[in-house]
Novice: 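Once you've had a glance at the structure underneath, I'll fire off some questions.
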Amino acid sequence: MSTTPTDSTTPTDSTAGGTAEHPRADVRGVAVSVDHYIGGRRVASEATFEDRSPLDWNWKLADVSRGDARVAELAVAAALDAAAGWAELGTAGRGELLRRLADLIDEAVPELAKVECADMAMLEESLRLRVLSRGARNFRAYADLAEAHEERVWSSNGTRNRVIRMPAGPTVVITPWNAPFMLSTWKCAPALAAGNPVILKPAEWSPLSCSLLADLADAAGLPPGVFNVVQGIGEEVGAALVGDPRVRRISFTGSPETGRAIARAAAANLVPFTGELGGKGPLLVFDDADLDAAAAKAAVMYDDAGQVCLAGTRLLVQAEARDEFVARFQEQTGRHVLGDSRDPATTVSPLIHPDHLRRVAGFVQRARDNGDRVVRGGKVWKEGGLWYEPTLVEPLSNDSEIVQREVFGPVLTLQAFADEEEAVSLANSTAYGLSAIIFTRSEERAQRVGRAVRAGTVWVNTFLVRDLTAPFGGVGISGIGREGGDYALDFCSDLKTLQILEGSTEGGDGNG
Ligand code: NAD
């Protein structure tokens with residue numbers, strides 16, 4: 001199979017149906033480029049991969065350009081060419097363009113929602129009302145933060161010291177198939193605001209909304225090469241990108257297994273790397289909790305078919321409250337509506353791909369074989385479709401695979417604990433540590449347990465509320481490094497210390 005890219009000298013019109021050389025797929029009336037976006041132009045590969053809709057697996061959305069090492073090479077070269085100009089623009093110049101991009105994202109939300117709903121099956125209404133506008137907020141937040149940054153200046157040892165953020169250089173961003181647009185903007189925004197050109201490689205199971213992001217970046221006037229999108233398979237073009245020694249930062253979201261592979265590539269070139277990896281979060285319910293609120297939030301874990309890294313998938317309930325909690329949880333879960341993600345009445349979407357459905361079903365089958373008790377769901381909803389019923393499993397023991405490994409589907413486990421000590425011990429008993437959710441009315445317990453659980457983010461009596469300036473990441477196999485706010489801007493920068501011997505220079509404001 002040849003994967004030679006065909007260079008185009010004619011950038012495609014982002015609003016029309018494309019050109020003969022660069023056709024666009026019609027996805028529910030939205031014209032989506034199936035090609036890479038490199039150096040401000042659409043670039044096609046001869047080889048393609050098929051992209052199908054989880055809403056109906058017979059619905060082929062597009063044949064998408066399948067990048068290879070040569071495409072990776074082109075993209076890194078384009079980013080390198082753009083690096084100096086983008087750095088020179090400074091935080092204010094870059095901020096202006098990134099805010100323009102944010103405005104264009106807000107305007108494009110209905111089209112983005114149509115495409116991402118068809119491509120990934122996330123609920124269209126939730127995309128339209130909440131998820132996609134977060135993409136715009138990501139760009140605004142980082143434009144603001146980068147501009148507001150004050151360099152640290154102080155005197156010591158007879159010198160004036162100043163810490164300067166220098167753009168690090170070409171940054172590769174690799175993202176997973178769940179919430180592809182929002183997660184990609186979350187990682188691209190700080191890199192761009194810090195002055196780095198970006199090469200984004202979205203996941204091959206949901207590549208289309210990130211192609212629209214390239215159109216929006218183009219329309220916002222980002223200079224050619226500053227933002228590039230490369231499509232293809234992780235082990236092919238993804239591996240070529242992270243292995244390129246000219247890349248200076250790698251920002252990855254995905255599974256721990258891929259995280260390890262990328263960390264090895266980063267280590268070979270001594271490139272700083274952040275990995276936001278999988279989760280197996282505990283949702284702890286103490287007997288002093290508002291059980292209605294706890295049960296309602298626990299049932300929310302089935303939204304998006306449970307394909308949410310931060311979800312609290314291990315329900316840990318204090319023994320005294322167990323029966324009452326389970327009754328309310330079952331009632332709340334009974335309200336879920338499985339169906340087409342385009343329908344506003346639907347609350348549980350299909351899974352992304354037949355392979356993933358098999359993976360999820362395999363976990364539940366092995367749980368049954370292991371003697372774990374499936375107390376709700378546990379089967380495919382409709383033959384021929386990709387829906388899996390909201391499922392609850394009572395494991396035989398804490399060592400059961402269903403407790404210890406991320407399923408990434410609508411499958412929760414239920415365990416009881418006697419006291420706070422056992423609650424924390426169960427919460428901390430997996431290799432993961434991305435998020436934890438605690439339900440209690442006691443402030444002291446919230447503080448105590450919140451500090452004791454091993455997780456990058458802990459929510460008490462709520463879930464998924466985010467302040468973009470807070471650090472975000474995981475411990476254990478859930479991640480390495482922190483993104484969010486200034487933590488992300490520092491990661492994307494080379495921090496330089498400038499020291500001037502006091503009294504040795506003339507002119508300036510004396511703060512240099
Ligand atoms: P994945 O690890 O299979 O793939 C993620 C991305 O990596 C894809 O774009 C893929 O093409 C690419 N890739 C694969 N192999 C590669 C290689 N050798 N070199 C370079 N790139 C490569 O993950 P997935 O199945 O797409 O996503 C699900 C996983 O992502 C789950 O584990 C989930 O918990 C995790 N996730 C984590 C967060 C977080 O913030 N911590 C958020 C969302 C998803």
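All ligand and atom numbering here is 1-based and tracks the order in the structure. Note that the coordinates shown come from a computational prediction; the quantities given were computed from them, not determined experimentally.
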Novice: Which residue and atom name correspond to the protein heavy atom nearest atom 28 (C) of ligand 1, and how close is it?
Specialist: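 The closest heavy atom on the protein side is F408 CE2, 3.6 Å.
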Novice: For atom 32 (O) of ligand 1, what is the nearest protein heavy atom, given as residue, atom name and distance?
Specialist: E406 OE1, 2.7 Å
Novice: Under a 4.0 angstrom heavy-atom cut-off, which atoms of ligand 1 come close to I262?
Specialist: 19 (N), 20 (C), 21 (N)
Novice: For F252, take its heavy atoms, then give the atoms of ligand 1 lying under 4.0 Å from any of them.
Specialist: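 Within the 4.0 Å cut-off of F252, ligand 1 contributes 2 (O), 5 (C), 6 (C), 7 (O).
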Novice: For ligand 1, which atoms have a heavy atom of W177 less than 4.0 angstrom away?
Specialist: 24 (P), 25 (O), 26 (O), 27 (O)
Novice: Taking the six-membered ring of W459 as reference, does the cationic atom of R466 (NZ for Lys, CZ for Arg) lie under 6.0 Å from its centre and within 45° of its axis?
Specialist: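 So R466 doesn't make the cation-pi contact.
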Novice: Does a donor on one side chain and an acceptor on the other come within less than 3.5 Å for D35 and S65?
Specialist: yes
Novice: To the nearest 0.5 Å, tell me how far R41 CZ sits from L74 CG.
Specialist: 12.0 Å
Novice: In terms of ring plane angle, is the pair H336 and Y302 parallel, tilted or perpendicular, where the classes change at 30° and 60°?
Specialist: perpendicular
Novice: Side chains of S251 and K187: do they bring a donor and an acceptor to under 3.5 Å?
Specialist: yes
Novice: Hey, are R137 and D144 close enough for a salt bridge, meaning a charged N less than 4.0 Å from a carboxylate O?
Specialist: no
Novice: Would W205 count as a contact residue for ligand 1, given that I'm defining contact as a non-hydrogen atom of the residue lying under 4.0 Å from a ligand atom?
Specialist: no
Novice: Below 3.5 angstrom, do we get any N/O pair linking T258 and ligand 1?
Specialist: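 There is such a contact, yes.
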Novice: Which residue from S255, G232, G254 reaches closest to atom 2 (O) of ligand 1 through any of its heavy atoms?
Specialist: S255
Novice: Tell me the nearest of G238, S206, S478, G234 to atom 18 (N) of ligand 1, using heavy-atom distances.
Specialist: G234
Novice: Strictly under 4.0 Å, does any heavy atom of A239 approach an atom of ligand 1?
Specialist: yes
Novice: Closer than 4.0 angstrom, basic N to acidic O: yes or no for D63 and K60?
Specialist: yes
Novice: In Å, rounded to the nearest 0.5 Å, how long is the span from CG of L351 to OH of Y388?
Specialist: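 Interatomic distance, L351 CG to Y388 OH, rounded to 0.5 Å: 9.5 Å.
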Novice: Return the option from Q307, H356, E204, M182 holding the heavy atom at the smallest distance from atom 10 (C) of ligand 1.
Specialist: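 It is E204 that holds the nearest heavy atom.
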Novice: Applying a heavy-atom cut-off of 4.0 Å, say which part of L277 lies close to ligand 1: side chain, backbone, both or neither.
Specialist: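 It is the backbone that touches ligand 1; the side chain stays farther off.
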Novice: Applying a heavy-atom cut-off of 4.0 Å, say which part of N178 lies close to ligand 1: side chain, backbone, both or neither.
Specialist: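 Under 4.0 Å from ligand 1, N178 contributes side-chain atoms alone.
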Novice: Here's one to test your reading of the geometry: is the NZ or CZ of R249 within 45 degrees of the ring axis of F491 and under 6.0 Å from its centre?
Specialist: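 Satisfied, under 6.0 Å and within 45°.
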Novice: Given C309, G279, S184, identify the one with the heavy atom nearest to atom 42 (C) of ligand 1.
Specialist: C309
Novice: Compute the shortest N/O to N/O distance between L183 and ligand 1 and return yes if it is under 3.5 Å, no if not.
Specialist: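 It does not: no N or O of L183 is found under 3.5 Å from an N or O of ligand 1.
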Novice: Give the atoms of ligand 1, by number and element, whose distance to some non-hydrogen atom of E276 is under 4.0 Å.
Specialist: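 By the 4.0 Å cutoff, the relevant atoms are 37 (C), 38 (C), 39 (C), 40 (O), 41 (N).
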Novice: Under 4.0 Å from any heavy atom of F472, which atoms of ligand 1 are there?
Specialist: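 Within the 4.0 Å cut-off of F472, ligand 1 contributes 40 (O).
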Novice: With heavy atoms under 4.0 Å as the rule, classify the contact between T175 and ligand 1 as side chain, backbone, both or neither.
Specialist: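 Answer for T175: backbone.
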Novice: Scan side-chain atoms only and decide if E124 and S341 contain a donor-acceptor pair under the 3.5 Å cut-off.
Specialist: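 No donor-acceptor contact under 3.5 Å links the two side chains.
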Novice: Considering only heavy atoms, does P202 approach ligand 1 within less than 4.0 Å through its side chain, its backbone, both, or neither?
Specialist: backbone
Novice: Number the atoms of ligand 1 from 1 as they appear, then name those within less than 4.0 Å of a heavy atom of L434, with their elements.
Specialist: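 Listed by number with element: 41 (N).
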Novice: S429 and side chain to side chain contact (heavy atoms under 4.5 Å, CB included): which partner among R454, Q404, Q415?
Specialist: Q404
Novice: Can you pull out the closest protein heavy atom to atom 27 (O) of ligand 1? Residue, atom name and distance to 0.1 Å, please.
Specialist: P176 CB, 3.2 Å
Novice: Which pair of heavy atoms, one from C210 and one from V229, lies closest together, and at what distance?
Specialist: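 Minimum heavy-atom separation between C210 and V229: O-CG2, 3.8 Å.
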Novice: Indicate whether any N or O donor in one side chain lies under 3.5 Å from an N or O acceptor in the other, for Y37 and N228.
Specialist: no
Novice: Among protein heavy atoms, which sits nearest to atom 12 (C) of ligand 1, and what does the distance come to when rounded to 0.1 Å?
Specialist: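 Answer, as residue, atom name and distance: I174 CG2, 3.6 Å.
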Novice: Of all heavy-atom pairs between M182 and N138, which one has the smallest distance, and what is that distance?
Specialist: O-ND2, 3.5 Å
Novice: With a heavy-atom distance limit of 4.0 Å, tell me whether E257 approaches ligand 1 through its side chain, its backbone, both, or neither.
Specialist: neither
